[in-house]
Amino acid sequence: MTSSDTGFFGRLTWDAFPIAGLIQNPSANEIIANAAAAIVVIGVVAVVGLLTWFRLWGPLWRDWLTSADHKKIGIMYIVFAIVMLARGVLEGVVMRAQQAAGPGDGFLAPEHFAELFSTHGTIMIFFVAVPFVFGLANFLVPLMIGARDVAFPVMNQIGLGLTVSAGMMLMVSLVVGEFSTGGWTAYPPYTGAAFNPGVGPDYWIWAIVVSGVGTTLTGINFAVTIYKLRAPGMKFMRLPMYCWTIICSSILIVFAMPPLGVAALLLAADRYLDFHFFTNDLGGNMMNYANLFWLFGHPEVYLLVLPAYGIYSEVFATFSAKRLYGYNSLVIATMSIAIMSFTVWLHHFFTMGQSALINAVFGIATMLIAIPTGVKVYDWMATLYRGRIRFSVPMLYSLSFLMLFVIGGLSGVVLANPTVDYQVHNTLFLVAHFHNVLLPGVLFGLLAAYNYWFPKAFGFRLNEFWGRVSVFCWTVGFLLTFMPLYFVGLMGMPRRSFSWEDPSFHPYMITAVIGALVITCGLFSILIQLWVSIRDRDKSRAPIGDPWDGRTLEWSIPSPPPPYNFAIIPNVTDRDDFAATKERGAAYPAPEAYEDIEMPRNTGIGFAFCVLSGVWMFALVWWIWWLAALMTIAMILAFIIWSFDTSTEIIIPAEEVRKEHEAWLELAHSTKAVDRDHESTPENLGLARPDMEAVT
């Protein structure tokens with residue numbers, strides 16, 4: 001593959017734009033593709049127009065895009081994840097509709113269908129789950145450990161910028177060119193230059209490489225933050241369970257992301273430089289790619305699931321009004337999962353010709369990793385046992401997870417048997433299992449966290465009714481969409497099927513597309529819930545900061561938290577320190593003295609890397625070499641210039657801290673605490689009466 005005949009703009013020509021296909025071939029497939037591209041363009045124009053109309057560019061730049069505040073960076077991660085979630089869900093609906101349109105060719109071209117399942121998987125894993133997890137961790141970890149910020153605030157900002165720019169490449173691929181047809185795993189030879197010489201695999205490669213760098217930086221940041229910035233007395237065995245899961249996920253990131261980056265760069269070398277790492281000739285071996293990818297890929301599953309486990313642990317304890325049962329065993333189980341996740345990657349290619357002995361070893365390892373997960377399930381059920389359970393929205397998501405995730409876990413144990421896996425590996429049974437783990441296991445946890453910690457971030461609660469509607473739609477939609485796939489998979493329907501002929505599949509496919517539409521309702525109900533909550537925010541304000549009778553440190557400060565988080569760094573004496581102080585009647589104490597607080601100054605380096613890396617990726621995808629070289633130089637110069645900036649901190653005077661903190665304390669002491677029965681009423685200003693009956 002050479003580029004000697006490319007011009008000033010590389011291979012970027014008129015035919016690269018989808019509208020050219022619409023003009024030349026106005027089929028239903030082209031109409032759908034161009035509608036998706038139009039949504040992206042209209043969305044960008046609408047956002048730019050609204051920001052201009054309401055004169056928000058200045059506040060956006062000053063308060064958000066240049067902020068090094070971990071809380072604002074976390075919120076921006078989550079906003080980005082929700083935008084990408086909308087695209088990922090809608091693409092899933094289109095795929096289910098295409099399969100329900102059979103038997104026959106449906107309404108999509110085969111190449112378009114292949115692009116959809118490639119972008120859907122890539123978006124949902126790398127640009128929904130990962131940034132959502134990182135956003136929550138960014139917001140919560142310093143608050144939970146009694147810190148004022150993460151260890152490396154600017155590196156945190158750069159990680160966000162790289163992740164967002166990589167995600168934008170997937171949006172650009174809708175408008176300019178096309179995405180890969182090689183699946184979210186990008187296996188060669190389907191992504192090799194001989195089989196797929198277009199730009200699609202290149203979009204995937206550079207999006208994964210750049211987002212991987214951002215992910216690795218963030219993992220290092222979280223690990224150092226928890227290691228080094230814990231409040232006095234916050235020993236490791238006093239860490240909130242959520243922080244344990246984040247530190248284990250951070251370790252997974254540091255060790256698991258490099259193999260993915262190496263695999264993507266070697267694939268780029270094959271495509272751009274005519275190397276032969278993953279070809280059938282000249283010494284290449286496609287299995288090397290599979291090993292490298294899944295050496296990342298299976299730890300990646302637990303990188304996402306472990307933080308969700310931490311969320312469920314916090315939710316179950318809070319809404320059962322109980323101390324988390326089996327804390328020590330949960331910590332051991334979390335660490336065991338993190339270690340064992342590196343021992344099971346080969347089960348992803350049981351069908352590719354290993355020896356029976358190797359398959360047996362990895363099958364046993366896959367079964368063993370279910371044991372610590374089972375320990376967690378039993379500990380959560382024991383936490384619920386005899387608790388005073390409140391069926392709030394976060395708890396409903398968590399209970400839905402508890403029931404549905406066990407099914408997904410058991411189907412995983414079934415697939416751990418190589419002989420069974422050989423029969424169903426390339427069928428929709430595997431698709432059902434994968435989604436059975438990731439939707440209840442990860443997405444439900446993230447949505448529970450969104451409802452649980454939203455009042456901490458913005459100072460008002462989300463609407464309870466629309467939250468319950470969203471729980472119902474996501475749960476019922478999941479059951480209708482993916483449970484039929486277990487059956488149709490056992491009947492032999494291959495996954496990634498553009499079309500099919502067996503009429504016995506049809507009822508299951510119809511049920512699945514109905515379920516996908518219900519999931520879409522769940523997505524829209526989240527957006528409606530947000531709109532209604534903002535509209536009615538005066539009725540649900542919780543400025544004091546503890547609307548749920550929380551147990552950990554983040555509930556002991558105002559909502560939303562001040563930039564410095566804690567006026568005085570707490571001295572931790574208990575695992576559930578805030579719950580313990582409430583039991584003693586010692587919550588909201590007035591400190592003897594205040595001190596000046598040093599915080600990171602705003603900087604534009606993260607935004608600069610976001611823009612420059614985005615242009616750099618686009619230039620590499622389209623072989624615009626002069627532009628790629630220019631962006632490389634610009635990124636190096638931006639980093640050098642920033643490194644000479646010595647004015648990186650600002651001082652918040654002690655007097656300012658004192659005034660803000662004493663005003664909040666006065667509000668807390670003058671407000672009437674509410675009990676669990678009034679949790680969702682306007683009377684709840686964020687001062688919950690401790691529920692002592694179920695404390696164990």
Side-chain angles (χ1 to χ4, degrees), residues 92-93 95-104 106 113-114 116-117 120-121 124 183-185 187 294 297-298 301 305 344 346-354 356 359-360 362-367 369-370 373-374 400-401 403-443 475-519:
V93 173
M95 284 192 291
R96 294 273 75 85
Q98 163 66 22
Q99 291 186 323
F113 184 82
L116 283 174
F117 72 69
H120 174 75
M124 296 301 284
W184 76 275
T185 55
Y187 277 169
W294 288 114
H298 206 84
V301 173
V305 169
V344 298
L346 194 135
H347 73 219
H348 288 277
F349 42 99
F350 273 156
T351 62
M352 294 187 184
Q354 295 77 228
N359 281 353
F362 279 85
I364 292 169
T366 304
M367 295 178 190
I369 203 171
T373 303
S400 180
F401 148 80
M403 293 178 283
L404 297 177
F405 184 77
V406 171
I407 300 172
L410 290 174
S411 64
V413 175
V414 170
L415 288 169
N417 185 323
T419 57
V420 175
D421 185 90
Y422 194 88
Q423 297 296 320
V424 300
H425 185 82
N426 285 310
T427 71
L428 286 177
F429 186 93
L430 191 72
V431 175
H433 159 71
F434 187 69
H435 288 81
N436 204 167
V437 171
L438 286 185
L439 260 74
V442 178
L443 188 58
T475 303
V476 173
F478 166 80
L479 289 168
L480 290 174
T481 303
F482 296 105
M483 289 303 158
L485 302 190
Y486 279 117
F487 299 100
V488 80
L490 290 174
M491 294 164 64
M493 182 172 178
R495 56 183 171 146
R496 302 172 181 169
S497 296
F498 156 74
S499 182
W500 45 271
E501 298 298 335
D502 189 338
S504 63
F505 297 158
H506 206 189
Y508 298 96
M509 293 296 99
I510 294 295
T511 304
V513 76
I514 293 172
L517 294 174
V518 176
I519 287 178

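These numbers were taken from a predicted model, which means no experiment stands behind them.
- Side chain of Asn436 to backbone of Leu404: a donor-acceptor contact under 3.5 angstrom is found.
- In this view, Ile514 and Leu480, Ile510 satisfy the side-chain contact (heavy atoms from CB on, under 4.5 Å) rule, not counting sequence neighbours.
- For Trp184 (side chain) and His120 (main-chain N/O), no donor-acceptor pair under 3.5 Å exists by modelled atom type.
- To the nearest 0.5 Å, the span separating CG on Asp502 from OG on Ser497 amounts to 11.5 Å.
- Between Asp421 and Phe350 the shortest heavy-atom distance is OD2-CB, 3.3 Å.
- Taking the side-chain contact (heavy atoms from CB on, under 4.5 Å) definition, one finds that Val406 meets it with Val377, Leu410, sequence neighbours left out.
- Remark: side-chain polar atoms of Gln98 are paired, donor with acceptor, to backbone N or O of Phe498 under 3.5 angstrom.
- Pro484 and Thr511 get closest at one heavy-atom pair: CG-CG2, 3.8 Å.
- For Val513, the side-chain contact (heavy atoms from CB on, under 4.5 Å) criterion is met by Arg96, Ala97, Ala100, not counting sequence neighbours.
- Residue Tyr187 qualifies as enclosed at atom OH: its count of foreign heavy atoms under 6.0 Å is above 12.
- Listed by chain and residue number, Trp294, His298 satisfy the ring-ring contact (aromatic ring centres under 6.0 Å, His included) test with His348 (two or more places apart in sequence, or in another chain).
- The CG atom of Leu438 lies 9.0 Å from the CZ atom of Phe405; values are rounded to the nearest 0.5 Å.
- In this structure, CE on Met367 lies 11.5 Å from NE2 on His347, to the nearest 0.5 angstrom.
- Ala512 approaches Leu485 most closely through the heavy-atom pair CB-CD2, 4.4 Å.
- Side-chain contact between Val488 and Met509 is present, with at least one heavy-atom pair separated by less than 4.5 Å.
- Residues meeting the side-chain hydrogen bond (donor to acceptor under 3.5 Å, both in side chains) test with Thr481, sequence neighbours left out: none.
- Residues Phe349 and Gln354 form a side-chain contact, since some pair of their non-hydrogen atoms from C-beta on lies under 4.5 Å apart.
- Contact annotation: the side chain of Met483 approaches that of Phe478 to within less than 4.5 Å [non-hydrogen atoms, C-beta and beyond].
- Phe429 is not listed as a side-chain neighbour of Phe487, based on a closest heavy-atom distance of 4.5 Å or more.
- Closest approach of Ala360 and Pro418 over heavy atoms only: N-CG, 4.4 Å.
- Remark: side-chain polar atoms of Arg495 are not paired, donor with acceptor, to backbone N or O of Gly489 under 3.5 angstrom.
- When all heavy atoms of Gly106 and Ala101 are compared, the pair lying nearest together is CA-CB, 3.9 Å.
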(request) Before giving the answer on side chain to side chain contact (heavy atoms under 4.5 Å, CB included), spell out for Phe434 and Leu430 the whole-Å C-alpha distance, their side-chain angles and the decisive distance to 0.1 Å. (result) CA-CA 6 Å; Phe434 187 69; Leu430 191 72; 5.5 Å; no
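- No donor-acceptor pair under 3.5 Å is formed between the side chain of His506 and the backbone N or O of Pro503.
- At a threshold of 4.5 Å between non-hydrogen side-chain atoms, the residues Thr427 and Pro494 do not count as touching.
- Scanning all heavy atoms of the two residues, the minimum distance from Ala370 to Val413 falls at CB-CG2, 3.8 Å.
- Between Gln99 and Trp500 the shortest side-chain heavy-atom distance falls below 4.5 Å.
- Residues Leu428 and Leu490 have side chains not in contact (no heavy-atom distance under 4.5 Å, counting atoms from C-beta outward).
- The side chain to side chain donor-acceptor pair (under 3.5 Å) analysis of residues 409-420, with sequence neighbours excluded, yields the pairs Ser411-His433, Ser411-Tyr486, Asn417-Thr419.
- Taking the ring centroids of His435 and Phe482, they lie under the 6.0 Å cut-off.
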